[in-house]
Amino acid sequence: MPKNDFQPDRRALLKGSLLMLPAMGTGIGLIATAGADEAPPHIDDYTPTFFSTEEWQFILAATDRLIPEDETGAGALGTNVPIFLDLQLGSEYGSADNWYMEGPFPKGAPAAFGYQLPFTPADLYRYGIAATRRYCQDTYQADFPELEAKRQIEVLSGLENGDIHFAPQQGRELPSATFFSFLLKNTKEGYFADPQYGGNKHMGGWKMLGFTGARASFREWVDQYDRPYPLGPVSLSGERG
Amino acid sequence: MPINKQPVDVVIIGLGWTGSLIGMEMTDAGLDVVALERGADRTKEDFLYPKPADELKYGVRLGMMQSPRTDGVTIRRNGGETALPQRQWTTFHPGNGVGGCGAHWTGVLYRATPTELSMKSFADATFSPGFLPENMVMQDYGVTYDELEPHFDLFERIAGLSGQAGNLNGEIIDGGNPFEGPRSNPFPLPPLPRTLTDTLFTEATQSLGWHPYPYPSANVSQAYTNPYGMQLGPCNFCGFCSNYGCLNYSKASPQTCVLDALKRRDNFSYRTQCDVRRINKAGDGQTVTGVTYIDGDGNEVFQPAKMVFLCSFTLSNVRLLLLSGIGQPYDPISNTGVVGRNFTYQITGSVDMYFERHQFNPFISAGGSGQVIDDFAPDAFDTEQHGFIGGSYIYTTQGPGGAIGGTRVPPGSPSWGSEWKRNAQREYGHHMMIGTTGSNMAYRDCYLDLDPNYRDPHGDPLLRMTYDWKENDMRMTMFMADRIREIVDELGPDYHTESFHKVGDQFDPSHYQSTHLTGGAVMGTDPQTSVVNRYLQHWDAHNLFVMGASNFPQNMMHNPTGTVAALTFWSVRKIRESYLANPGPLMSRS
Ligand SMILES: Cc1cc2nc3c(=O)[nH]c(=O)nc-3n(C[C@H](O)[C@H](O)[C@H](O)COP(=O)(O)OP(=O)(O)OC[C@H]3O[C@@H](n4cnc5c(N)ncnc54)[C@H](O)[C@@H]3O)c2cc1C
Ligand code: SF4
């Protein structure tokens with residue numbers, strides 16, 4: 001189970017009062033958001049199009065636990081990761097446009113065969129969020145976002161380890177660990193993908209890691225061994241950090 | 001009723017590496033050539049900076065690949081299992097669109113060794129009788145290294161190959177690969193600049209008495225103009241290489257090396273969004289009449305042609321032959337038939353090392369940059385005493401630098417929360433990998449056929465892959481793991497993690513392995529055990545030629561494309577010298 005020794009007040013975070021962005025440059029004309037030529041929105045000002053209100057509250061709380069803001073840098077909320085998820089799940093990724101989704105989908109396929117469930121990512125999030133919220137109600141008589149941070153972490157670990165069981169839907173069960181692995185993978189994608197996809201606001205994820213983004217030109221640096229690279233990231237739209 | 005097109009001399013199915021080269025050669029011969037490509041058009045401009053530098057789109061969502069929805073594959077590990085489709089690509093990344101895999105490949109460009117092309121003869125001469133497992137199916141290619149040498153050389157000049165020769169006309173050269181076959185010419189360009197991982201690997205392997213050399217790279221080291229007049233610029237180690245189109249005109253690809261020159265020719269044309277569904281057989285039972293495809297508007301179109309070149313990558317090559325009923329499908333039970341036989345893949349493994357003391361700047365990386373040893377090639381040492389036939393190369397390459405794919409944390413530590421963030425931040429840039437890629441022998445029960453359960457949107461069965469790892473190949477990889485551990489000991493990382501298969505492990509297609517899918521339409525001199533003859537001409541239809549790694553009777557340790565391209569030129573030379581004037585079988589069936 002992950003240890004989380006830095007726990008900013010959740011409600012304050014959800015309200016955005018702890019977001020620490022003024023130091024990050026937002027040069028004119030260099031800002032990108034999902035498709036639009038305007039500053040990325042504040043997470044509180046965003047209206048989800050894929051997630052329902054309750055689902056959105058779950059996503060805000062869960063991603064905040066998965067990638068919290070702390071001394072290492074921005075977290076999922078400060079970098080608009082939930083917006084990334086909302087946009088991805090509402091697009092061709094969410095509907096698995098590209099995947100082979102013809103049946104049969106035999107039950108109990110060995111893990112070696114990879115993903116073999118009939119759920120698109122969009123289905124899987126709807127199912128997984130509802131089932132996790134139901135688990136929280138049954139176990140703690142409270143919705144996931146209302147739980148203390150410590151409890152939320154316990155619930156997420158229960159999903160990760162597959163200890164929580166989801167009730168079947170249409171005769172099929174979604175293993176909670178599968179739901180968690182999508183949630184975690186997509187959350188990290190949102191944190192680290194180019195800001196044009198709606199997350200990684202002002203390249204906060206890249207700065208945390210030390211990744212250079214779309215700089216993509218290093219010829220004269222190849223043989224400068226063991227020297228930390230001095231420049232910050234740039235995004236596809238030209239934002240510098 | 002299908003739309004009937006005007007007849008042409010040559011139709012090419014698939015406009016990737018082999019299709020582009022065939023286009024050049026057959027237009028050179030003065031023939032009218034049409035290429036049909038299933039995917040979208042893609043020009044160099046699609047790859048202009050910064051478009052490719054998008055890890056989510058290309059590295060994660062695999063934006064350049066064929067779609068499992070329209071062109072899926074099912075996999076099982078043995079005849080007792082029900083094969084299941086790859087819902088999304090995990091184990092390999094087949095390409096789609098103009099350029100094919102060649103537009104997003106890595107650019108490590110090798111030749112087969114003389115031994116690998118004549119593996120059966122080598123085995124017969126080298127191993128004790130009865131040593132090889134009974135179900136192993138070994139064959140020579142039917143063409144020798146000396147016959148292919150000029151064609152390797154030509155493709156390397158087309159690709160601007162950068163590196164250091166190790167064997168120039170028999171003379172062994174320091175700093176190159178002493179285990180390679182003799183080259184008639186030095187590399188067109190010098191090696192790429194060396195990264196920190198290259199240098200550490202060199203020091204460690206030299207002190208172990210081995211022979212490190214730079215990856216032969218088709219990411220070019222200097223500005224270069226190739227024999228077609230196409231220009232490439234020096235690779236800038238952009239960090240978005242394998243799985244991505246090149247944003248710098250530096251990675252050899254059909255786009256950067258061939259297509260603009262080809263498109264200028266009046267006797268060449270190409271059509272995209274044309275999904276070839278069948279190769280049409282002629283009534284004479286000895287030829288084909290052309291191909292049938294579905295165009296972008298959903299029309300069924302018949303394109304008549306005097307010659308058909310099947311250049312659609314291993315998976316489609318074999319599937320189209322099976323769907324078209326050309327050649328007898330392989331049956332592993334009765335051990336008869338040929339189409340789908342000798343399907344092989346690649347055996348890989350790796351370690352990941354953490355060095356607090358080193359900063360690798362992993363975003364500074366190029367797919368074709370790396371350092372290698374071939375000291376454990378199939379013919380470089382006595383493999384029989386270690387219990388296997390085959391061999392592997394051991395290499396390092398810098399990266400992966402991407403933020404999504406490149407974060408590393410210590411084993412057993414959390415994968416989320418603040419502790420994950422602290423570990424990821426501390427360790428980013430401090431990791432180095434060493435990998436091994438090895439030969440894969442063919443086995444009687446590893447093959448391709450049509451799936452009985454899963455169909456594509458046109459109602460055609462998907463290709464089914466029946467494949468597992470075998471004891472011989474696992475012993476080989478365990479031997480290589482021990483050699484890599486010796487390198488790790490030399491390097492002394494703070495910690496390392498391992499990912500190796502071992503005897504008893506089953507094939508695990510849930511992880512990326514490689515896109516070196518080989519065999520299934522193999523070449524040879526015996527029509528009982530090969531689909532095409534040594535000139536890549538179909539035994540059962542003399543005007544049908546099959547190009548690509550589907551020709552390999554078993555897989556070599558190195559990357560396939562140098563050999564694929566050399567075989568393409570080898571075939572075409574014979575066609576131009578003999579076939580065009582006198583169409584008919586280039587080898588007799590008996
Ligand atoms: C990520 C990756 C990295 C690689 N790295 C290396 C490397 O470093 N070194 C190396 O040697 N090799 C590498 N390879 C393999 C290399 O790309 C292939 O060997 C090479 O491209 C094969 O050429 P080809 O012409 O056979 O196939 P391709 O270049 O893939 O071309 C086949 C074309 O046929 C089209 N096609 C398929 N079916 C149909 C149909 N029914 N109708 C019409 N068109 C069709 C496809 O869309 C495609 O454009 C790599 C491959 C991948 C995916
Ligand atoms: S690393 Fe070099 S060859 Fe590869 S994509 Fe970048 S510039 Fe091109």
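Worth knowing before you read on, the calculation uses all heavy atoms, side chains too, and leaves out hydrogens, waters and symmetry mates. Since the structure is predicted, the reported quantities are computational estimates derived from the model, not experimental observations. Order of the sequence lines fixes the chain letters, A, B, ..., with proteins taken first and strands second; residue numbering starts at 1 for each chain.
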What's the separation between atom CD in B:Glu81 and atom CD in B:Gln506, rounded to the nearest 0.5 Å?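 Separation between the atoms: 6.0 Å.
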Please determine, among [options], the option with the most heavy-atom pairs under 4.5 Å with chain B.
| options | value |
| --- | --- |
| A:Ala109, A:Gly210, A:Gly114 | A:Gly210 |
| A:Thr187, A:Ile67, A:Val234 | A:Ile67 |
| A:Tyr229, A:Tyr225, A:Phe192 | A:Tyr225 |

Validation: residues 81-88 of chain A side-chain donor-acceptor distances under 3.5 Å, sequence neighbours left out:
{"unit_1": "A:Asp86", "atom_1": "OD1", "unit_2": "A:Thr49", "atom_2": "N", "d": "3.4"}
{"unit_1": "A:Asp86", "atom_1": "OD1", "unit_2": "A:Phe50", "atom_2": "N", "d": "2.8"}
{"unit_1": "A:Asp86", "atom_1": "OD1", "unit_2": "A:Phe51", "atom_2": "N", "d": "3.0"}
{"unit_1": "A:Asp86", "atom_1": "OD2", "unit_2": "A:Tyr46", "atom_2": "OH", "d": "2.6"}
{"unit_1": "A:Asp86", "atom_1": "OD2", "unit_2": "A:Thr49", "atom_2": "N", "d": "2.8"}
{"unit_1": "A:Asp86", "atom_1": "OD2", "unit_2": "A:Thr49", "atom_2": "OG1", "d": "3.2"}
{"unit_1": "A:Gln88", "atom_1": "OE1", "unit_2": "B:Arg61", "atom_2": "NE", "d": "3.2"}
{"unit_1": "A:Gln88", "atom_1": "OE1", "unit_2": "B:Arg61", "atom_2": "NH2", "d": "2.9"}

Cut-off 3.5 Å, side chains only: do [X] and [Y] have a donor facing an acceptor?
| X | Y | answer |
| --- | --- | --- |
| A:Asn98 | A:Tyr93 | no |
| B:Gln359 | A:Arg227 | no |
| A:Thr79 | A:Asn200 | no |
| B:Tyr215 | B:Asp198 | no |
| A:Asn186 | A:Tyr125 | yes |

Given the side-chain rings of A:Tyr115 and A:Trp99, with only the six-membered ring counted for Trp, is the space between their centroids under 6.0 Å?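 Yes, they do, as the ring centres are separated by less than 6.0 Å.
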Where does [X] contact chain B at under 4.5 Å (heavy atoms): side chain, backbone, both or neither?
| X | answer |
| --- | --- |
| A:Trp206 | side chain |
| A:Leu117 | neither |
| A:Asp97 | backbone |
| A:Pro110 | side chain |
| A:Ala111 | backbone |

Side-chain donor-acceptor pairs under 3.5 Å in residues 178-185 of chain A, sequence neighbours left out?
{"unit_1": "A:Ser181", "atom_1": "OG", "unit_2": "A:Thr178", "atom_2": "O", "d": "2.9"}
{"unit_1": "A:Lys185", "atom_1": "NZ", "unit_2": "A:Glu189", "atom_2": "OE2", "d": "2.9"}

Examine B:Arg87 relative to A:Phe105 and say whether NZ or CZ is less than 6.0 Å from the centre of the six-membered ring and inside a 45° cone about the ring axis.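 That pair qualifies as a cation-pi contact.
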With respect to chain A, which residue among B:Arg357, B:His511, B:Arg455 yields the maximal number of heavy-atom pairs within a distance under 4.5 Å?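 The answer is B:Arg455.
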Applying a heavy-atom distance below 4.5 Å, give me the residues of residues 360-370 of chain B that approach chain A, sorted by number.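 Within residues 360-370 of chain B, the residues under 4.5 Å from chain A are B:Asn361, B:Phe363, B:Ile364.
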Measure [X] against the heavy atoms of chain A and call it side chain, backbone, both or neither at under 4.5 Å.
| X | value |
| --- | --- |
| B:Leu62 | neither |
| B:Thr90 | neither |
| B:Phe507 | backbone |
| B:Leu247 | side chain |

Do any side-chain atoms of residues 405-413 of chain B form donor-acceptor pairs under 3.5 angstrom with protein atoms, and if so which ones, sequence neighbours left out?
{"unit_1": "B:Arg408", "atom_1": "NH1", "unit_2": "B:Gly405", "atom_2": "O", "d": "3.2"}
{"unit_1": "B:Ser413", "atom_1": "OG", "unit_2": "B:Pro410", "atom_2": "O", "d": "2.7"}

Does B:Asp456 pair with B:Arg319 as a salt bridge, N-O distance under 4.0 Å?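 So B:Asp456 pairs with B:Arg319 through a salt bridge.
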